[in-house]
K.L.:
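One structure coming up, written as structure tokens, with questions to follow.
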Amino acid sequence: MRTYYCGELRTSTIGETVTLYGWVDRRRDHGGVVFLDMRDRAGIVQIVSDPERTPNSYPTAEDVRNEYVIKVSGRVSQRPQDSINPNLPTGEVEVYAEQMEVLNAVRQQLPFQIASEEADAVRENIRLKYRYLDLRRDRLNQNLHLRHQVVKAIRRFLEDEEAFTEVETPILTRSTPEGARDYLVPSRVNPGKWFALPQSPQLFKQLLMVSGFDRYYQIARCFRDEDLRADRQPEFTQLDMEMSFLSEDEIIDLNERLICHIFKTVKGIDLPRPFPRLTYNEAMSRYGTDRPDTRFGLELVQVSDIVQDSGFKVFSEAVKSGGLVKALPIPGGNEQISNVRIKPGGDLFKEAAAAGAKGLAYMRVREGMEIDTIGAIKDNLSEEQKQELLRRTKAQPGHLLLFGAGDAVTVNKSLDRVRQALGEELDLIDKEAMNLLWVTEFPMFEWNPEEKRLESLHHPFTAPNPDDLDDLKTARAQAYDLVYNGIEIGGGSLRIYQRKVQEQVFEAIGLSLEAAQEQFGFLLDALEYGTPPHGGIAYGLDRLVMLLAGEDSIRDVIAFPKTQQASCLLTEAPSNVDEKQLKELYVVSTYDPEME
RNA sequence: GGGACUGUAGUUCAACCGGUUAGAGCACUGCCCUGUCACGGCAGAAGUUGCGGGUUCGAAUCCCGUCAGUCCCGCCA
């Protein structure tokens, strides 16, 4: 029977005879004495075996190899003074192995070494195929433990401090328009009909408010059949919350306390409260994005009004056709950024071009506030316009001003990209900083040029600001996002709780009354039976844990993630299924090997 | 759907401008070593250079295609 975990042994355990179970992390064979680093979930301890002191175990100790599973019994001893290992919590002690038993050997060459630093560099497809070995490694092990700690902190806070109730909502539910592509599941019992896996429990949690639960939360799995990224998996986990009778400020306050509790519990960090808030318009204006990274400056400056009447067509035409011109002033940029990088072919140009920009105009501010720029700008801007540009951008000698001109979306997107690239490159980002902020007052809708209709920016159940009800199309939403170091980790809103408003919003996004009744009739009906004012939020748990773990990919905080091709290299899912299964489901597969 | 990068022993990497017997560390096998902790030393085995074509006297290297992984754009209410 196990008496201790390997990692638990300390000087206080010296003299005890212990029984340990675990893996051989490393083996050092000196011919006459063998040292084993023995590992279990709690850590590593050194096992010693030699022919004189531990004759029973020595033959076994000579035979074992890395990652063998062993059982060891023996006395915990103080290490000789000159052999103490200060790098191990157990470094002052070691166990003389009176008994050693191999419970399971490693029969094949390991695909990679578990205990080696090199394993971090192993090609990811190999790590994913042998995920169970990858998860043995300290780094991933720690990540999943951290994830558990985060979830535990969430539950303690929401349940014990704030009286939230966890309710499970269906995984088999109905497909609804809007939003991401659905994962579909055929219904055997209802031939030709389909379930969809939930993109989020949105409607169910609202209905729970109608039912009077008042405060709901769920650690909920969500599914979206869209293309993957480092921070996007087809199935992911949300912390989903919904509350009745709370104002936007009250919801934000409760959530700040939740986030602070998480940071305090798992990282020991006291975050300053309240978190800063930016309106959507402010964020777009100053950073060109609705999730600004405020760990560094380099704020954008709106200059449309200065240059709209200039002879420089790139600027004036942009403003005339409804777009804008913005500047990105870079202190010291003259020294650090060459023209080659700004011009076509350069890396900063490419950064802007990736967002659809046609180019980057620039001005350099020399000694004595002399302006150094391309002829087209020099010749076509008046002296007053140039001076006003310098004033507005607070330019000083040494400054480089980059300009974006065009439609608002492209200008903001491209300058945001350039700003982030430079923040990184010029080492302006304090890596220790943890900047959490709220972005509020999102617009209700944005225009989708392809489908020629308005779309909900958040989702169609978001309540409009009551001050903006006379023109819903341009109304602000009572929505809020939580941004952590430039990454959106959560977002929510107050919801519509009146049928009439809900119908108006559906109408605004081009959903006819009939279609709305067909798709969302159950919600519209519910709104007629005494629905309380309510609102909520959902967090991307994987992203939050990724950031807390300092990882760059959510795959490193998910036990069994999928590849960018949405497949599982471990189980080889998705796979073919038996023709019989398809028949039972009244489904004809499109897969036809003959066609290939 | 599109762009970029990567693919060489189990693994991490090397192999210069197209010419070697395709090398090295770790792991593996054998031997030596009684205080190491990334132990050390000696010897050895280990390769369809992702796969398929092509160019060439000659291809890991150049070209085309294909597969896989990663990053990004589109997409993700």
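All chains are named by letter (A, B, ...) in the order of the sequence lines, taking the proteins before the strands, and each is independently numbered beginning at 1. Below, each value reflects all heavy atoms present in this structure, side chains not excepted, and no hydrogens, waters or symmetry copies.
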K.L.:
Taking only N and O in the side chain of A:Gln564, is any of them less than 4.0 Å away from OP1 or OP2 of B:C71?
P.N.:
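For A:Gln564, the contact criterion (side-chain N or O under 4.0 Å from OP1 or OP2 of B:C71) is met.
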
K.L.:
Taking only side-chain N and O atoms of A:Thr563, does any of them lie within less than 4.0 angstrom of OP1 or OP2 on B:G69?
P.N.:
yes

K.L.:
Pairing check on B:C5: which nucleotide meets the Watson-Crick or G-U wobble criteria with it, both distances under 3.5 Å?
P.N.:
B:G69

K.L.:
Taking OP1 and OP2 of B:C72, is either one under 4.0 Å from a side-chain nitrogen or oxygen of A:Arg232?
P.N.:
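No, A:Arg232 has no side-chain N/O under 4.0 Å of OP1/OP2 on B:C72.
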
K.L.:
Kindly indicate whether the side chain of A:Arg26 and the base of B:C37 share any N or O donor-acceptor pair separated by less than 3.5 Å?
P.N.:
no

K.L.:
Is there a donor and acceptor pair closer than 3.5 Å between the side chain of A:Arg79 and the base of B:C37?
P.N.:
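Counting by modelled atom types and ignoring angles, a donor-acceptor contact under 3.5 Å is found here.
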
K.L.:
May I ask you to verify whether the side chain of A:Gln109 and the base of B:A27 hold a donor-acceptor pair under 3.5 Å?
P.N.:
yes

K.L.:
What interatomic distance, in whole Å, is found between P of B:G18 and the corresponding atom of B:C62?
P.N.:
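Per the computed distance, 7 Å lies between those P atoms.
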
K.L.:
Select one nucleotide: of B:U70, B:C37, B:C75, the one nearest the side-chain heavy atoms of A:Arg555.
P.N.:
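The listed nucleotide nearest to A:Arg555's side chain is B:U70.
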
K.L.:
Should B:C13 be called syn or anti, with syn set as within 90° of 0?
P.N.:
anti

K.L.:
Is the shortest distance from a Lys or Arg side-chain nitrogen in A:Arg28 or A:Asp37 to a carboxylate oxygen in the other one below 4.0 Å?
P.N.:
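The answer is yes: the pair qualifies as a salt bridge.
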
K.L.:
Could you let me know what B:C16 is paired to, Watson-Crick or G-U wobble, both distances under 3.5 Å, or none if it's on its own?
P.N.:
none

K.L.:
Could you identify the nucleotide paired to B:G40, looking across every strand shown and requiring Watson-Crick or G-U wobble geometry with both distances under 3.5 Å?
P.N.:
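Across all strands, the one nucleotide that pairs with B:G40 is B:C32.
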
K.L.:
Please report the distance, rounded to the nearest Å, between CZ in A:Arg123 and P in B:G7.
P.N.:
7 Å

K.L.:
In the structure shown, which nucleotide is the Watson-Crick or G-U wobble counterpart of B:U21, with both distances under 3.5 Å?
P.N.:
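The base-pairing partner of B:U21, which may sit in any strand shown, does not exist here.
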
K.L.:
Under 3.5 Å for both donor-acceptor distances, Watson-Crick or wobble: does B:C75 have a partner, and if so which one?
P.N.:
none

K.L.:
Under 4.0 Å from OP1 or OP2 of B:G10: is there any side-chain N or O of A:Arg107 that close?
P.N.:
no

K.L.:
Using whole Å, report how far CG of A:Leu570 lies from C1' of B:G69.
P.N.:
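Atom-to-atom, A:Leu570 to B:G69, this comes out as 16 Å.
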
K.L.:
According to side-chain hydrogen bond (donor to acceptor under 3.5 Å, both in side chains), who are the partners of A:Glu451, at least two apart in sequence or on a separate chain?
P.N.:
A:Arg453

K.L.:
Between A:Arg419 and A:Asp293, does any NZ, NE, NH1 or NH2 come within less than 4.0 Å of an OD or OE carboxylate oxygen?
P.N.:
no

K.L.:
Is there a side-chain contact between A:Arg28 and the phosphate of B:U36, meaning an N or O under 4.0 Å from OP1 or OP2?
P.N.:
no

K.L.:
So what does A:Leu457 touch, heavy atoms closer than 4.0 Å: a base, only the sugar-phosphate, or nothing?
P.N.:
sugar-phosphate

K.L.:
In the strands shown, is B:C26 matched to any nucleotide by a Watson-Crick or G-U wobble pair with both distances under 3.5 Å, and which?
P.N.:
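Partner of B:C26: B:G10.
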
K.L.:
I'd like to know whether the aromatic ring centres of A:Phe520 and A:Phe461 sit less than 6.0 Å apart in this structure.
P.N.:
yes

K.L.:
According to the Watson-Crick and G-U wobble definitions, with both distances under 3.5 Å, which nucleotide is paired to B:A59?
P.N.:
none

K.L.:
Which nucleotide in the set B:G25, B:A27, B:G69 lies at the smallest distance from any side-chain heavy atom of A:Glu118?
P.N.:
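Closest of the options to the side chain of A:Glu118: B:G25.
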
K.L.:
I want to check one thing: is the phosphate of B:G74, taken as OP1 and OP2, less than 4.0 Å away from some side-chain N or O of A:Lys413?
P.N.:
yes

K.L.:
Would you please confirm or rule out a distance under 4.0 Å between OP1 or OP2 of B:G25 and any side-chain N or O of A:Ser116?
P.N.:
no

K.L.:
So that I can tick it off, tell me whether A:Arg79 and A:Glu92 are bridged by a salt bridge, with the cut-off set at under 4.0 angstrom between side-chain N and carboxylate O.
P.N.:
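Between A:Arg79 and A:Glu92 there is no salt bridge, as every charged N stays at least 4.0 Å from the carboxylate O atoms.
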
K.L.:
Is any side-chain nitrogen or oxygen of A:Arg229 closer than 4.0 Å to OP1 or OP2 of B:C75?
P.N.:
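Negative; the distance criterion is not met.
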
K.L.:
Identify, between A:Pro80 and A:Ser456, the residue whose nearest nucleotide on RNA chain B lies closer to the 5' end.
P.N.:
A:Pro80

K.L.:
Tell whether A:Arg53 reaches the base of B:G35 with its side chain through a donor-acceptor pair below 3.5 angstrom.
P.N.:
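For A:Arg53, whose side chain was compared with the base of B:G35, there is a donor-acceptor pair (under 3.5 Å).
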
K.L.:
Verify side chain to side chain contact (heavy atoms under 4.5 Å, CB included) between A:Trp447 and A:Lys452, making sure each step is shown before the conclusion.
P.N.:
CA-CA 7 Å; A:Trp447 182 250; A:Lys452 297 207 169 86; 4.2 Å; yes

